[in-house]
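Only one structure is covered here, and it is reproduced in the block below.
Heavy-atom basis, side chains included; hydrogens, waters and symmetry copies ignored. In what follows, chains carry the letters A, B, and so on, assigned in the order in which the sequence lines appear, proteins first and then strands, with residues in each chain numbered from 1.
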Number of protein chains: 2
Amino acid sequence: MTARKENSTYTLNEKFITDCDLTYAANKIGGRWKIIILDKLGKRKMRFNELKKEFPYISERMLTLQLRALEHDELVKRTVYAAVPPRVEYELTPIALEFLPIFCQLSAWGKKNKMLKNNRS
Amino acid sequence: MTARKENSTYTLNEKFITDCDLTYAANKIGGRWKIIILDKLGKRKMRFNELKKEFPYISERMLTLQLRALEHDELVKRTVYAAVPPRVEYELTPIALEFLPIFCQLSAWGKKNKMLKNNRS
DNA sequence: TGTGGTACAAACAAATTTGTAAGTAATGAC
DNA sequence: GTCATTACTTACAAATTTGTTTGTACCACA
């Protein structure tokens with residue numbers, strides 16, 4: 001299972017990080033894609049290929065990995081419809097919905113400070 | 001320098017990510033350490049070694065890198081006092097202060113959902 | 001002369017994250 | 001019988017992030 005982690009500082013730091021409420025939460029939505037996937041799914045449930053189109057250059061592998069991780073953390077619910085061709089829908093769970101107002105504020109910060117930065121250049 | 005990036009998908013995705021207000025903001029506080037460093041500095045200004053003590057296993061290199069990145073993004077202000085031994089203080093900038101309420105909410109989410117998870121095991 | 005403290009920097013190495021390319025299964029359209 | 005479609009999986013490789021170790025400048029103090 002690739003369980004190669006020992007008691008390295010890397011792992012000790014990881015523990016420290018997930019002990020803290022703030023970084024525990026931050027880790028759930030960290031990485032390049034998770035936050036924006038959750039944000040899209042906050043608007044409506046979507047199929048795999050719909051999501052893929054939202055992110056023009058994402059690889060299928062990345063999308064799958066991120067969705068799996070989010071599913072594992074119970075932030076998205078995956079529903080498979082037995083059909084051909086296959087049809088799978090992703091939607092947010094209740095605990096993921098609680099992130100949405102936070103995303104709004106982050107987005108507002110981003111908008112404001114990106115503007116400020118551009119006006120100085 | 002190390003400007004080795006081309007027009008790979010990696011870079012295209014990066015552009016896509018920093019175009020979005022939400023992920024632009026998220027990137028500023030992404031990674032293992034930034035968010036928690038900002039959170040600590042939100043309470044009071046601190047010296048390098050004070051910060052180091054807050055994170056028992058962080059390497060000095062990591063702390064330096066993160067502080068430099070935060071300084072570059074104008075989220076922390078670095079003040080050097082010409083003294084021997086050297087004395088450097090770090091504090092949040094106004095735009096970083098605006099993150100603090102968001103951190104509170106994230107932290108609340110973390111606290112709540114970490115509990116839920118533990119109660120199921 | 002030697003040690004200690006502060007805030008790093010540089011060279012190197014390990015670990016993780018992200019991306020590439022190809023392939024799969026089932027079925028229905030042509 | 002070939003091709004297209006959907007939602008992936010697998011093996012591999014590139015890029016980035018994180019950590020280890022050693023070293024530095026400055027001066028005080030013993």
Original post:
Between the two ends of the helix from dT1(C)-dA30(D) to dC30(C)-dG1(D), what is the bend in degrees, rounded to 10 degrees, where each end axis spans five pairs?
Top reply: 30°

Subject >> Thr23(A) (side chain) donor-acceptor with Ala26(A) (main chain) under 3.5 angstrom >> reply: no

Subject >> For the student: nearest non-hydrogen atoms of Lys28(B) and Leu70(B), plus distance >> reply: O-CD2, 4.2 Å

**OP:** Give the minimum heavy-atom separation between Leu22(B) and Phe103(A), together with the two atoms involved.
**Re:** CD1-O, 3.5 Å

**OP:** Kindly write out the residues that satisfy side chain to side chain contact (heavy atoms under 4.5 Å, CB included) with Asp21(A), not counting sequence neighbours, or none if the list is empty.
**Re:** Ser107(B), Lys111(B), Lys114(B)

**OP:** Work out which heavy atom in Phe48(B) is nearest to a heavy atom in Glu60(B); give both atom names and the distance.
**Re:** CZ-O, 3.9 Å

**OP:** With heavy atoms under 4.0 Å as the rule, sort Tyr81(B) into base, sugar-phosphate or nothing.
**Re:** nothing

Original post:
Given atom CG of Leu12(A) and atom P of dT18(D), what is their separation to the nearest angstrom?
Top reply: 16 Å

**OP:** Please list, chain by chain and in numerical order, all residues satisfying side chain to side chain contact (heavy atoms under 4.5 Å, CB included) with Glu89(B), sequence neighbours excluded.
**Re:** Lys45(B), Arg47(B), Tyr81(B), Arg87(B)

Subject >> Leu67(B) CG to dA9(C) P, straight-line distance once rounded to whole Å >> reply: 11 Å

Original post:
Does the side chain of Asn13(B) get closer than 4.0 angstrom to OP1 or OP2 of dT18(C) through an N or O atom?
Top reply: no

Original post:
So, is Arg87(B) close to the dG5(C) phosphate, meaning a side-chain N or O under 4.0 Å from OP1 or OP2?
Top reply: no

**OP:** Please check if the side chain of Thr93(A) supplies one atom and the backbone of Lys77(A) the other of a donor-acceptor pair under 3.5 Å.
**Re:** no

**OP:** List the atom of Gly42(B), the atom of Leu100(B), and the distance in Å for their closest heavy-atom pair.
**Re:** CA-CD1, 3.9 Å

Original post:
Lys15(A) has an atom NZ; how far is it from atom C1' of dT18(D), in whole Å?
Top reply: 17 Å

**OP:** To the nearest Å, give me how far apart CG (Leu70(B)) and C1' (dT17(D)) are.
**Re:** 15 Å

Original post:
Starting at the 5' end of DNA chain D and moving along, which residue's nearest nucleotide shows up first, Thr64(A) or Gln66(B)?
Top reply: Thr64(A)

Original post:
Under 4.0 Å between a side-chain N/O of Arg68(B) and OP1 or OP2 of dA9(C), yes or no?
Top reply: yes

Subject >> Distance, rounded to the nearest Å, where Leu65(A) contributes CG and dG19(C) contributes P >> reply: 10 Å

Original post:
Does atom NZ of Lys40(A) have more than 12 heavy-atom neighbours from other groups under 6.0 Å away?
Top reply: yes

**OP:** Check every atom of dG19(C), dA7(D), dT18(D) against the side chain of Arg32(A) and return the nucleotide holding the closest atom.
**Re:** dG19(C)

Original post:
Going by number, which of residues 45-60 of chain B have a non-hydrogen atom under 4.0 Å from DNA chain C?
Top reply: Arg47(B), Phe48(B), Asn49(B), Glu60(B)

Original post:
Out of curiosity, Leu106(B) CG to Ile35(B) CD1, how far, rounded to the nearest 0.5 Å?
Top reply: 5.5 Å

Original post:
What residues, two or more places apart in sequence or in another chain, satisfy side chain to side chain contact (heavy atoms under 4.5 Å, CB included) together with Asn113(B)?
Top reply: Ile95(A), Glu98(A), Trp109(B), Leu116(B)

Original post:
At under 4.0 Å, does any side-chain N or O of Ser8(B) touch on OP1 or OP2 of dA14(D)?
Top reply: no

Original post:
Any sub-3.5 Å donor-acceptor pair from Asn13(A)'s side-chain atoms to Tyr57(B)'s backbone N or O?
Top reply: yes

Subject >> Atom-pair distance (CE on Met62(A); C1' on dT16(C)), nearest Å >> reply: 10 Å

Original post:
dC8(C) phosphate, OP1 or OP2: any side-chain N/O from Tyr90(B) under 4.0 angstrom?
Top reply: yes

Original post:
From dA7(C), dT6(D), dC26(D), pick the nucleotide closest to the side chain of Arg78(B)?
Top reply: dA7(C)

Original post:
When the ring planes of Phe55(B) and Phe16(A) are compared, do they come out parallel, tilted or perpendicular, using 30° and 60° as the limits?
Top reply: perpendicular

Original post:
Between Glu14(A) (CD) and dT16(C) (P), how many Å, whole number?
Top reply: 8 Å

Original post:
Should Arg61(B) be listed as having a side-chain N or O under 4.0 Å from OP1 or OP2 of dT22(D)?
Top reply: no

Original post:
Near DNA chain C, which residues from residues 20-29 of chain B have a heavy atom under 4.0 Å away?
Top reply: none

**OP:** Starting from the 5' end of DNA chain C, give me the residue, Pro85(A) or Trp33(A), whose nearest nucleotide shows up first.
**Re:** Trp33(A)

